[in-house]
Undergrad: 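The structure that follows is given in the form of C-alpha cells.
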Amino acid sequence: MDTLWDNIEKLSAVCRAAGAHLPDEDLKALQIGKVAEEAVEAMHALHGLKGLTTCDEAHTCSEIRNDLVSAVIAALLAMHYIDPKGARATFDEILHRRTRRGREAAATV
C-alpha cells in the first residue's frame with residue numbers, strides 16, 4: 001500500500017515532467033504559490049458558506065475540506081520540490097516538535 005509520501009513522490013514526478021520546460025527554481029516558487037492559492041480558495045469557500053461573499057455561488061463544507069486537502073498536498077509537494085531526499089524527515093521532525101504539547105497533555109489524562 002502506498003503511503004502519503006510515496007504518493008507525493010509520484011505526483012511530484014508527474015508535476016515536474018509537466019514543468020520540465022521551466023527552471024527548477026521557478027517550479028519551486030510556483031509550487032509554493034500553489035499552497036497560498038489553495039488556502040485562499042478554502043477561505044473563499046468558508047466566506048461563501050457563511051454568506052459573506054458578494055457572488056451568488058453556493059459553497060459547502062465539502063468544498064472547504066477539498067480545498068484544505070489541496071493546500072496540504074500542495075505544501076507537501078513544495079517540500080518535496082525543495083528537498084526531495086529530506087522532505088519526509090523534515091516533515092516528521094517538525095510535526096513531532098509542533099505536536100509536543102498535545103502529546104504531553106494526552107499523557108497526563
Undergrad: With a 6.0 Å cut-off (strictly less than), is the heavy-atom count around CZ of R98, excluding the residue itself, greater than 12?
TA: no

Undergrad: Tell me whether D6 contacts the main-chain N or O of T3 through its side chain, where contact means a donor paired with an acceptor under 3.5 Å.
TA: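 Yes.
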
Undergrad: Within this structure, what is the SG-CD1 distance for the pair C15 and I8, rounded to the nearest 0.5 Å?
TA: 9.0 Å

Undergrad: In this structure, are over 12 heavy atoms from other groups packed under 6.0 Å from R101 atom CZ?
TA: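 Counting neighbours around CZ of R101, 12 or fewer heavy atoms of other residues, nucleotides or ligands fall under 6.0 Å, so no.
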
Undergrad: Are I94 and L76 in one and the same hydrophobic cluster, where Ile, Leu, Val, Met, Phe, Trp and Tyr link if side-chain heavy atoms are under 4.5 Å apart?
TA: no

Undergrad: For A58 and E63, work out which heavy atoms get closest and say how close.
TA: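 What the structure gives for the nearest pair is O-OE1, 3.9 Å.
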
Undergrad: Among side-chain atoms of D67 and S70, is any donor-acceptor pair under 3.5 angstrom?
TA: no

Undergrad: Is the ring pair W5/H80 parallel, tilted or perpendicular, if the boundaries are 30 and 60 degrees?
TA: tilted

Undergrad: Would you mind reporting whether L30 and L22 have side-chain heavy atoms less than 4.5 Å apart?
TA: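 With C-beta onward as the side chain, the pair touches.
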
Undergrad: Under a 4.0 Å N-O cut-off, is there an ion pair linking D83 with K28?
TA: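 Not counted as a salt bridge, because no side-chain N and carboxylate O are separated by less than 4.0 Å.
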
Undergrad: Can you get from L46 to V40 by hopping between Ile, Leu, Val, Met, Phe, Trp and Tyr side chains that sit under 4.5 Å apart?
TA: no

Undergrad: Would the distance check show the side chain of R16 and the main-chain N or O of Y81 forming a donor-acceptor pair, the cut-off being under 3.5 Å?
TA: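 Between the backbone of Y81 and the side chain of R16 there is a qualifying donor-acceptor contact (under 3.5 Å).
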
